[in-house]
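Here is the structure we will look at, set down as structure tokens.
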Amino acid sequence: MSAIREPEAVLFVAHDASGPVIAFSEGLSFWGGVDPDTGTIIDAHHSSHGAHLAGRIVLMPTSRGSCSGSGVLLQLARNGQAPAALVFREHEDILTLGAMIADRLFGKPVAVLRAAPKIYDALARAETAEIADGVLAFAGQRIPLQTPDVRILDLSSADEAVLNGQQGHAQKTAMEVLCLMATAQGASSLKDVTRGHIDGCILAHDANLAFAETMREMGASITIPTTINAISVDRENWQAQGVPADFGQKASRLADAYVAMGARPTFTCAPYLLDDAPEEDEAIGWSESNAVIYANSVLGARTQKHPDYLDLFIAMTGRAPNTGVYLAENRIPDCEIRVDLPKRFDDAIWPMLGWLAGERSPNGIPLLTGLEEEAPTPDDLKALCAAFGTMSGAPMLHVRGHTPEGHLQPRANASQHSIGPSDLKSLWRQFNTAGSQVDLVAIGSPHASLHECRAFAAALAGRSCSQTTQTIITVGRSVLAAATEDGTVETLKRANVQIIPDLCWCSITEPVFPQTASVVMTNSGKYAHYAHGLTGRSVRFGSLAACADAAVRGVAPEGLPPWLLDA
């Protein structure tokens with residue numbers, strides 16, 4: 001029997017489109033990487049920083065980074081600034097889902113197709129292209145486009161009942177999109193998941209509010225235990241923080257819409273810090289890139305990196321496409337990254353290793369070796385996973401000796417990479433572009449753990465933060481309660497540290513983000529990557545202890561830290 005031939009080009013969201021071609025050799029996170037109002041690339045680390053995507057045929061191998069990219073694409077589609085079409089060479093979920101929602105719920109389609117490498121490479125060399133009547137035309141070529149067929153899915157009788165509208169229009173819509181995404185992902189069936197995590201609850205733009213309230217008005221109801229990501233305001237205290245009423249009310253409405261649909265008001269981007277964290281091999285339906293990567297990599301649970309909006313549909317149905325890293329064969333490492341550690345280092349190395357691992361493996365699952373004799377803490381692994389997610393589209397990584405599946409051997413054709421002191425030095429300089437003065441110290445991206453709060457208090461060692469340097473730690477509600485009970489919050493407050501629940505650094509806006517701050521220092525590789533594009537501020541990066549010192553002194557040391565100078 002001959003093997004089934006992959007189609008040359010598949011059109012996942014049908015829409016006639018034409019325009020100039022722009023091709024990227026690397027993936028792009030639309031969240032934190034593209035301005036949702038103008039379509040301009042704002043990721044300062046991307047090779048095409050400053051390019052405009054509106055009205056263009058945009059090619060990239062696949063997307064990367066945050067699950068929230070689907071919402072950015074929806075916002076662009078709703079305001080007329082979206083690409084004319086998106087073309088991928090590999091499987092892609094986040095932007096594909098955003099285009100589906102733009103089409104099905106708001107009548108603002110963006111064409112999305114996946115092309116075989118030969119066609120993709122030829123199209124990348126073209127100046128213009130057109131999609132019309134099911135045909136891709138460019139440079140004298142005409143490529144017929146296939147469309148996915150959801151009839152290939154093996155659905156349960158309960159799935160069929162939902163698909164036929166027996167549980168209402170909202171649940172039917174959720175199942176329809178789930179089935180479309182399942183076929184796009186190459187799944188043959190759906191699977192049960194035990195819990196969900198909603199990511200699209202940040203008011204980064206009006207599209208997230210429009211989607212949530214539209215679904216709530218349709219009668220959407222969550223059917224499995226589901227947590228909610230960080231939101232855009234301190235839900236109980238924003239009025240006293242100077243937040244404009246219009247923004248605060250909209251952000252609150254967005255959070256309340258998901259609570260009304262049945263989600264728990266956890267408001268944290270680190271749901272793995274909650275008391276009921278998923279167990280090894282448990283199938284869950286999470287969104288939010290750092291949470292997904294930590295759940296798969298460190299906890300050993302199983303979840304795809306579900307795009308925003310699909311997370312709600314999974315929570316509504318308790319079902320997810322049975323594909324990707326839900327399957328054991330897809331969790332095998334695609335490459336090995338050998339780490340050559342400096343003789344000494346501090347906790348800043350873990351987010352740096354995560355960022356560099358994502359750069360080395362932008363699409364596949366890496367296995368990190370060379371760390372077997374080290375003892376990373378859960379916080380170290382949290383920082384590693386979060387930074388990895390800014391650079392890679394993969395939903396997990398393995399660390400030999402430290403993660404549940406770190407013993408797995410890479411595939412026979414796995415590529416080999418390395419990370420050494422010279423790479424760390426280069427990244428340090430890339431992360432530290434500002435001068436020595438520090439106006440703001442930002443801890444909690446992802447949300448700080450109880451141990452991080454205690455460690456920061458210990459690093460202050462009874463000192464108070466400078467009056468010219470604001471210091472803010474963002475946390476989830478459960479960590480805030482525990483830190484209040486054990487006295488850590490009071491210790492931090494006496495040191496002039498502000499502790500804010502519900503929002504995080506990826507959702508914070510002025511005036512909670514100090515308007516006068518020009519330079520922000522963080523211990524987060526994730527925020528060091530995104531901060532300039534999100535806030536326009538210059539960035540400094542360092543260990544937790546270095547951040548504490550900068551908070552007290554108002555300045556950060558120039559040049560490389562001692563452990564890198566000696567490397």
Worked check of side-chain contact (heavy atoms from CB on, under 4.5 Å) between R64 and L28: CA-CA 5 Å; R64 73 180 188 202; L28 173 65; 5.6 Å; no
Quick one: does [X]'s side chain get under 4.5 Å of [Y]'s, heavy atoms only?
X	Y	value
L59	F88	no
I41	L53	yes
Q304	D93	yes
V475	I500	no
F456	I443	yes
I508	T535	no
S466	R553	no
R360	D423	yes

Side-chain donor-acceptor contact under 3.5 Å, [X] with [Y]:
X	Y	value
S47	E26	yes
T377	D380	yes
T62	N363	no
D199	S68	yes
T40	D35	no
W286	D311	no
D234	Q241	yes

Candidate pair E558 and R429, rule salt bridge (charged side-chain N to carboxylate O under 4.0 Å, His left out), full reasoning: CA-CA 10 Å; E558 296 280 8; R429 295 185 180 100; over 6 Å; no
Step-by-step salt bridge (charged side-chain N to carboxylate O under 4.0 Å, His left out) determination, E336 to R400: CA-CA 10 Å; E336 179 180 351; R400 177 69 53 78; 5.9 Å; no
I'd like to know if the side chain of [X] reaches the main chain of [Y], judged simply by a donor and an acceptor atom lying under 3.5 Å from each other, with no hydrogens or angles considered.
X	Y	value
T469	A551	no
S449	E452	yes
R477	F267	no
K382	H447	yes
T403	V399	yes
S361	G358	no
Y120	M60	yes
H532	R537	yes
E372	G370	yes
S287	H306	yes

Full working for side-chain hydrogen bond (donor to acceptor under 3.5 Å, both in side chains) between H197 and T227: CA-CA 5 Å; H197 181 69; T227 49; 2.7 Å; yes
Ignoring hydrogens, what is the shortest heavy-atom contact between [X] and [Y]? Give both atom names and the distance.
X	Y	result
L73	L95	CD2-O, 3.2 Å
M396	N296	CB-CB, 3.5 Å
L460	C465	CD2-SG, 4.3 Å
F541	A528	CD1-CB, 4.2 Å
S70	I94	CB-O, 3.1 Å
G71	N208	CA-OD1, 4.0 Å

Taking atom [atom1] of [X] and atom [atom2] of [Y], what is their separation to the nearest 0.5 Å?
X	Y	atom1	atom2	result
T509	F247	OG1	CZ	4.0 Å
L384	L368	CG	CG	6.5 Å
N330	I365	CG	CD1	7.5 Å
D439	S518	CG	OG	5.0 Å
E510	F513	CD	CZ	7.5 Å
L254	I202	CG	CD1	9.0 Å

Indicate yes or no: does [X] engage [Y] in a salt bridge with an N to O separation below 4.0 Å.
X	Y	value
D334	R411	yes
R114	E92	no
R463	D549	yes

Y272 and Y294 aromatic ring geometry - parallel, tilted or perpendicular at 30°/60° bounds: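 Geometry flag for Y272 against Y294: parallel rings.
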Ring geometry between F431 and H45 (parallel below 30°, tilted from 30 to 60°, perpendicular above 60°):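 Geometry flag for F431 against H45: perpendicular rings.
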Please check if the number of heavy atoms outside [X] that lie under 6.0 Å from its [atom1] is greater than 12.
X	atom1	result
Q515	CD	yes
H451	NE2	no
Q416	CD	yes

Aromatic ring proximity, centroids under 6.0 angstrom, F24 and H46: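 Ring centroids of H46 and F24 are less than 6.0 Å from each other.
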Output field: ring centroids W31/Y530 closer than 6.0 Å: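 That pair passes the under 6.0 Å test.
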F30 vs L86, side-chain contact (heavy atoms from CB on, under 4.5 Å): CA-CA, chis, key distance, verdict: CA-CA 12 Å; F30 267 46; L86 292 164; 4.3 Å; yes
Audit row: M391, H529, side-chain contact (heavy atoms from CB on, under 4.5 Å) steps and yes/no: CA-CA 9 Å; M391 293 299 291; H529 179 93; 3.5 Å; yes
Residue pair H398, L408: steps toward the side-chain contact (heavy atoms from CB on, under 4.5 Å) verdict: CA-CA 8 Å; H398 302 291; L408 293 174; 4.1 Å; yes
Verdict with supporting geometry, E288 and K526, salt bridge (charged side-chain N to carboxylate O under 4.0 Å, His left out): CA-CA 13 Å; E288 214 292 328; K526 177 178 181 177; 3.0 Å; yes
From CA spacing to verdict: salt bridge (charged side-chain N to carboxylate O under 4.0 Å, His left out), K343, D566: CA-CA 8 Å; K343 292 181 180 179; D566 299 338; over 6 Å; no
